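Reviewing the structure listed below.
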There are 2 protein chains.
Amino acid sequence: MRLTTKGRYAVTALLDLAIHADQGPVNLADISRRQGISLSYLEQLFAKLRRSELVCSIRGPGGGYRLGRKPQSIRIAQIIDAVNESVDATKCQGKGNCQQGETCLTHHLWQDLSEQIHDFLGSISLSDLIARSEIKRIAQQQDKRHEMLTPPELDGARIAATFLQ
Amino acid sequence: MRLTTKGRYAVTALLDLAIHADQGPVNLADISRRQGISLSYLEQLFAKLRRSELVCSIRGPGGGYRLGRKPQSIRIAQIIDAVNESVDATKCQGKGNCQQGETCLTHHLWQDLSEQIHDFLGSISLSDLIARSEIKRIAQQQDKRHEMLTPPELDGARIAATFLQ
DNA sequence: CAAAAGTTGACTGAAACAGTGGGGTATCAG
DNA sequence: CTGATACCCCACTGTTTCAGTCAACTTTTG
């Protein structure tokens with residue numbers, strides 16, 4: 001059983017994507033800035049998410065990623081599965097041949113735990129997360145901070161206008 | 001969050017210890033044989049279990065390990081903690097400073113999950129496991145197999161006796 | 001066409017796991 | 001006292017995975 005930064009990044013990125021879905025395709029550079037995840041690493045994760053059809057890509061300028069399904073039908077467990085992090089806690093992937101073909105002493109314990117975790121993460125969808133108030137608040141703060149970090153000074157016309165005042 | 005062979009080994013070994021507790025101190029060589037865990041690796045794990053006072057050791061011939069407390073009061077979560085495997089799923093160990101001092105988007109999700117897992121493993125004690133019928137059955141089989149694997153032929157007198165028949 | 005965006009693959013340093021090996025030290029039986 | 005038994009401790013190693021970097025693509029749109 002493994003649950004590390006990798007799976008957390010994947011869920012965070014997909015949640016960010018879902019929150020900003022109304023503004024058209026979301027590109028990875030924006031997610032990278034807002035969530036503080038390395039761009040190249042995001043690319044790797046989204047390659048896997050695309051293979052699992054959790055997202056679809058739009059290439060070219062103005063392109064980016066879009067959710068592959070409705071946020072109600074994307075479960076957290078599926079996201080974690082997609083980036084190759086198993087939610088299984090048994091040694092034998094549930095086969096029961098943990099100790100030289102026999103079932104090991106604690107097999108049933110880990111099996112029960114796996115079920116517990118899977119039920120929990122499988123019962124939560126992206127839209128459930130979006131609906132949570134704390135998440136709305138955090139996302140708004142991130143958007144604001146992001147606006148400040150992408151200053152309008154990059155817009156040539158604006159620089160000129162300020163300059164010519 | 002990490003739950004690997006290490007934590008599973010620790011729980012398995014301690015369960016084996018608890019099951020054979022009535023026959024006096026249990027030595028690691030026996031646990032190693034019964035559970036198929038490398039002896040040297042067991043020594044490392046038991047060093048940690050001893051530091052957490054989950055077991056106490058008796059040195060010298062006839063020595064071995066004994067449970068440090070009653071099996072009812074040893075929770076699975078404590079065993080996993082003792083071998084340094086965290087049951088915490090958040091990036092920030094629950095502190096909430098996951099993203100440059102701010103709470104990350106998915107912090108609450110991982111916090112809830114951690115709580116779920118911790119409640120589950122914290123609600124189960126060693127004595128709960130011993131009581132389970134499947135575990136009793138598996139332990140009996142392991143004992144039988146072990147008897148066959150440690151043949152009395154190693155006893156010099158017996159070899160001689162057989163030889164002289 | 002040129003720039004923006006996704007796509008792919010190779011590569012890397014660090015960490016952790018799982019395990020090995022070897023030298024101890026305490027304790028008890030004979 | 002001695003030797004066997006068992007714990008105790010430390011250094012080391014091979015493998016895997018994580019997290020991230022870099023570079024060279026291709027596709028698409030303005």
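Worth saying up front: this structure is predicted, and the values here are computed from it rather than measured. Numbers restart at 1 for each chain; the letters A, B, ... are given by sequence-line order, proteins then strands.
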Report yes or no: do [X] and [Y] form a side-chain donor-acceptor pair below 3.5 Å?
X: A:Thr106; Y: A:Trp110; result: yes
X: B:His20; Y: B:Asp143; result: yes
X: B:Ser38; Y: B:Ser40; result: no

Taking atom [atom2] of [N] as reference, at what distance in whole Å does atom [atom1] of [X] sit?
X: B:Phe46; N: D:dC9; atom1: CZ; atom2: P; result: 15 Å
X: B:Leu49; N: D:dC7; atom1: CG; atom2: P; result: 13 Å
X: B:Leu3; N: C:dA16; atom1: CG; atom2: C1'; result: 15 Å
X: B:Lys48; N: D:dC7; atom1: NZ; atom2: P; result: 18 Å
X: A:Leu28; N: C:dA4; atom1: CG; atom2: C1'; result: 13 Å
X: B:Lys6; N: C:dG19; atom1: NZ; atom2: P; result: 12 Å
X: B:Asn27; N: C:dA26; atom1: CG; atom2: C1'; result: 16 Å
X: B:Leu42; N: D:dC8; atom1: CG; atom2: P; result: 13 Å

Exercise for the section: Measure from the side-chain heavy atoms of B:Thr5 and tell me the nearest of D:dC18, C:dA18, D:dA6. Expected result: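 Nearest to the side-chain atoms of B:Thr5, counting from C-beta on, is C:dA18.
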Exercise for the section: Keeping to residues at least two apart or across chains, list the salt bridge (charged side-chain N to carboxylate O under 4.0 Å, His left out) pairs with something in residues 108-120 of chain A. Expected result: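 Found A:Asp112-B:Arg132.
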Completion exercise
Per-nt protein contacts along nucleotides 21-29 of chain D (heavy atom under 4.0 Å; B base, S backbone sugar-phosphate only, - none) come out as BB---BSBB
Exercise for the section: Apply side-chain contact (heavy atoms from CB on, under 4.5 Å) to B:Gln35 and list each qualifying residue two or more places apart in sequence or on a separate chain. Expected result: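 For B:Gln35, the residues satisfying side-chain contact (heavy atoms from CB on, under 4.5 Å) (neighbours in sequence not counted) are A:Gln99, A:Leu105, B:Thr12, B:Asp16, B:Ile31, B:Ile37, B:Gln142.
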Practice task
Step through the shown structure and confirm whether more than 12 heavy atoms of other residues, nucleotides or ligands are within 6.0 Å of CD on A:Glu53.
Solution key: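 Atom CD in A:Glu53 is not packed in, count stays at 12 or less.
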Exercise for the section: Give one of base, sugar-phosphate or nothing for A:Tyr65, where a contact means two heavy atoms less than 4.0 Å apart. Expected result: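 Result for A:Tyr65 = sugar-phosphate.
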Exercise for the section: Decide yes or no for B:Gln78 and B:Ser52: does some side-chain heavy atom of the first lie under 4.5 Å from some side-chain heavy atom of the second? Expected result: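 No, their side chains stay 4.5 Å or more apart.
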Establish, with yes or no, whether the OP1 or OP2 oxygen of [N] is under 4.0 angstrom from a side-chain nitrogen or oxygen of [X].
X: B:Tyr9; N: C:dC17; value: no
X: B:Ser57; N: D:dA6; value: no
X: B:Arg50; N: D:dC8; value: yes

Exercise for the section: Take A:Arg51 and A:Gly63, find for each the nucleotide of DNA chain C with the closest heavy atom, and name the residue whose nucleotide sits nearer the 5' end. Expected result: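 Here A:Gly63 is the residue nearer the 5' end.
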